[in-house]
Amino acid sequence: MSFPPLPRRLAVAAAVVSLGAGLFAAAPAQAQPAGQQRQRDFAAAASEFGVPLDVLLGVSYMESRWDYNAGTPSTAAGYGPMHLTDLRTAGVAGTEFDQGTEDPRGDTARPALRPKASEPAAPPPTLQTVDTAASLLHTDAATLRANPAQNVRGGAALLADYQRQLGIHSQDAKDWYGAVARYSGSDDVTAAQTFADEVFDTITTGASRTTDDGQQLTLAAAPGVTPDRAQASRLGLRADAPAATECPKRVACESVPAPYQELPNGSYGNYDKANRPQSQKIDYIVIHDTEGYWDDALKLVQDPTYLAWHYTVRSADGLIAQHVPTKDVGWHAGNWYINSKSLGVEHEGFAAKGTWYTEAMYRASAKLVGYLAKRYDIPLDRAHIIGHDNVPGTTPATIPGMHWDPGPYWDWSHYFDLLGAPFQTAGRPNSSLVTIDPSFAKNQPVFTGCDKLGSGTACAPRGSEAVVLHTAPSDTAPLLADPGLHPDGSPSTMDVADIGSRVATGQKYAVAGVQGDWTAIWYLGQKGWFRNAPGARAAVPAVGLVATPRPGRATIPVYGRAFPEASAYPANVPVQALAPMPYTLAAGQKYSVGGVVGSEYYSATTFDPAEHVVVKGKTKYVEIQFGHRIEYVNLDDVLLLPAF
């Protein structure tokens, strides 16, 4: 929908004193640091369009945290600090199954599940706000995508136009609640209100940070701002979505159930009934991205021939949909042991395209995951809050097809800050254990293949959580080999999908050596080196336990599942054989311990839940951070030693 153009604004605003907290007096551009140019751009746009400055800064923070993101689109096709959406340019990707060939169920007791996705749904019109902004400014969409200052002007023009349509004439921030709610792009009143509430919470508390391109911005706290929330009822948004029952307060959460349904061919879909945590403890929360837009994801999860996960989080406004009760087992992680012990949370987005995730999504997801972790006593660490890319293959044959989302542009450090569990330095400076924790904004490895996996074309250089490993302490040394991911023996690559020589923020690894500004860690049976220079640390000292082979054992097997010993299976449940991974864990090597777990197998091969059986064995396993993915070793094969 297009709106009439704004009236022409005066070049100099008549009054600026009520534009909001944080506005400073005008000064010659050369008198202020270059790193404050964006702050000046916000002030100028607020003045030009009559938008309170704190409202403009607050909306931008909730979308992009004021970042430029190298001009790349967000997972909701939004560009620039004001997240002006342009699906036409960002493009439509396929489904998550473009990432690999994994069987999402990952249960070798059943035939591999190869669901076929339907055609993508038409994207919502809210993914084209750049056109409206361009019309209001009498410019073109390309300028608004590429020029941060013009992008800020476009966002200010949109907010002012939304305010005009509401018929509200005020320079007081509290009277802009309705315009902020509309800026979310949500069609759901609760989601729009949640977005606006987060914006005004940010205005109340204030914020200050340096952006990914070195801009220093501050939103001064304004604790006295109490917005007029009743304005949201005037937006004409839907208010009849059925509420989900397993969500925290202060998020927008609706029920979009996945079908548990028998199919004509004798199979069924698209998850398994269970009785967790009474039958099995939930140990993990798996973070995914959808590789498709919201409407596609919701359509697929309601298809009984497809697969189901527990929750989906929308990018633009943080709306959450619950699909599967948490007591039941979703088909989402490609590993049946992990599926039966986890909850799956999908995020609207594209790891393969190198896109970025909105602050609205991060905040809603963190509230959800924090709530679930507390409810099920799941530790808030990277051994238990894992990405799909951290889930191990079930057998050597399945490793190459395993998915790798949410990808290297998911900001794990910021996410754990929002969870209230920030990564921190612990132990001695020369600790034998480290936590990977680079500066997301400054850490910019140049991956390839964001246009098309395997293309070799460089992705836009921008902030990343990933740290790349080398075979020697040199930037020119080859990357490590991953015999599971590359069975032909070729080295890993910088392709965005290739995790064979890459560690992720928050993961812990045992130190294998130090040489100058370089640190080596044990990784897939090898020493992996990364630059860890003072002033640009990629890792910090940590404490915890490490696992190493018991004396007298030259090597020990590594597994992708923690299944019981054969004698634990009842006669009516086939024994699930464990296949060792194609890696060598040799004497003298050490790996960070995520925990000691019991052995379990959930036999759920029929539609009738009464026939499902939880098999529990006497064997104990140790979860270790072996490579980019977690793995398991038999407790009897290792010693557990303290690292500090």
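Hydrogens, waters and symmetry mates are skipped; everything else that's a heavy atom, side chains included, is used.
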Next on the checklist: Salt bridge or not between Asp212 and Lys442? Use side-chain N to carboxylate O under 4.0 Å.
Outcome noted: no
Next on the checklist: Restricting to salt bridge (charged side-chain N to carboxylate O under 4.0 Å, His left out), what partner residues turn up for Asp328, sequence neighbours left out?
Outcome noted: none
Checklist entry - For residues 206-245, which residue pairs qualify under ring-ring contact (aromatic ring centres under 6.0 Å, His included), counting only residues two or more places apart or in two chains? => result none
Checklist entry - Can you name the side-chain contact (heavy atoms from CB on, under 4.5 Å) partners of Pro73, sequence neighbours left out? => result Tyr79, Ala90, Thr355
Item to check | Partners meeting side-chain hydrogen bond (donor to acceptor under 3.5 Å, both in side chains) with Glu254 (sequence neighbours left out) | outcome: Arg238
Checklist entry - Is any NZ, NE, NH1 or NH2 atom of the basic residue among Arg229 and Asp197 found under 4.0 Å from an Asp or Glu carboxylate oxygen of the other? => result yes
Next on the checklist: If the condition is side-chain hydrogen bond (donor to acceptor under 3.5 Å, both in side chains), which residues does Tyr357 pass it with, not counting sequence neighbours?
Outcome noted: Asp289
Next on the checklist: Do the side chains of Asp67 and Arg209 get close enough for a salt bridge, i.e. N-O under 4.0 angstrom?
Outcome noted: yes
Checklist outcome for this item: side-chain contact (heavy atoms from CB on, under 4.5 Å) filter on Gln302, not counting sequence neighbours, yields Val256, Leu298
Next on the checklist: Going by the rule salt bridge (charged side-chain N to carboxylate O under 4.0 Å, His left out), which residues pair with Asp437 if we only count those two or more places apart in sequence or in a different chain?
Outcome noted: none
Item to check | Residue pairs fulfilling ring-ring contact (aromatic ring centres under 6.0 Å, His included) with at least one residue in residues 188-234, sequence neighbours excluded | outcome: Tyr177-Phe200
Item to check | With Asp41 via salt bridge (charged side-chain N to carboxylate O under 4.0 Å, His left out) - residues at least two apart | outcome: none
Item to check | For Thr139, side-chain hydrogen bond (donor to acceptor under 3.5 Å, both in side chains) partners two or more places apart | outcome: none
Next on the checklist: Going by side-chain hydrogen bond (donor to acceptor under 3.5 Å, both in side chains), name the residues that satisfy it together with Asn443, two or more places apart in sequence or in a different chain.
Outcome noted: none
Checklist entry - Which residues satisfy the salt bridge (charged side-chain N to carboxylate O under 4.0 Å, His left out) test with Arg363, sequence neighbours excluded? => result Glu198, Glu359
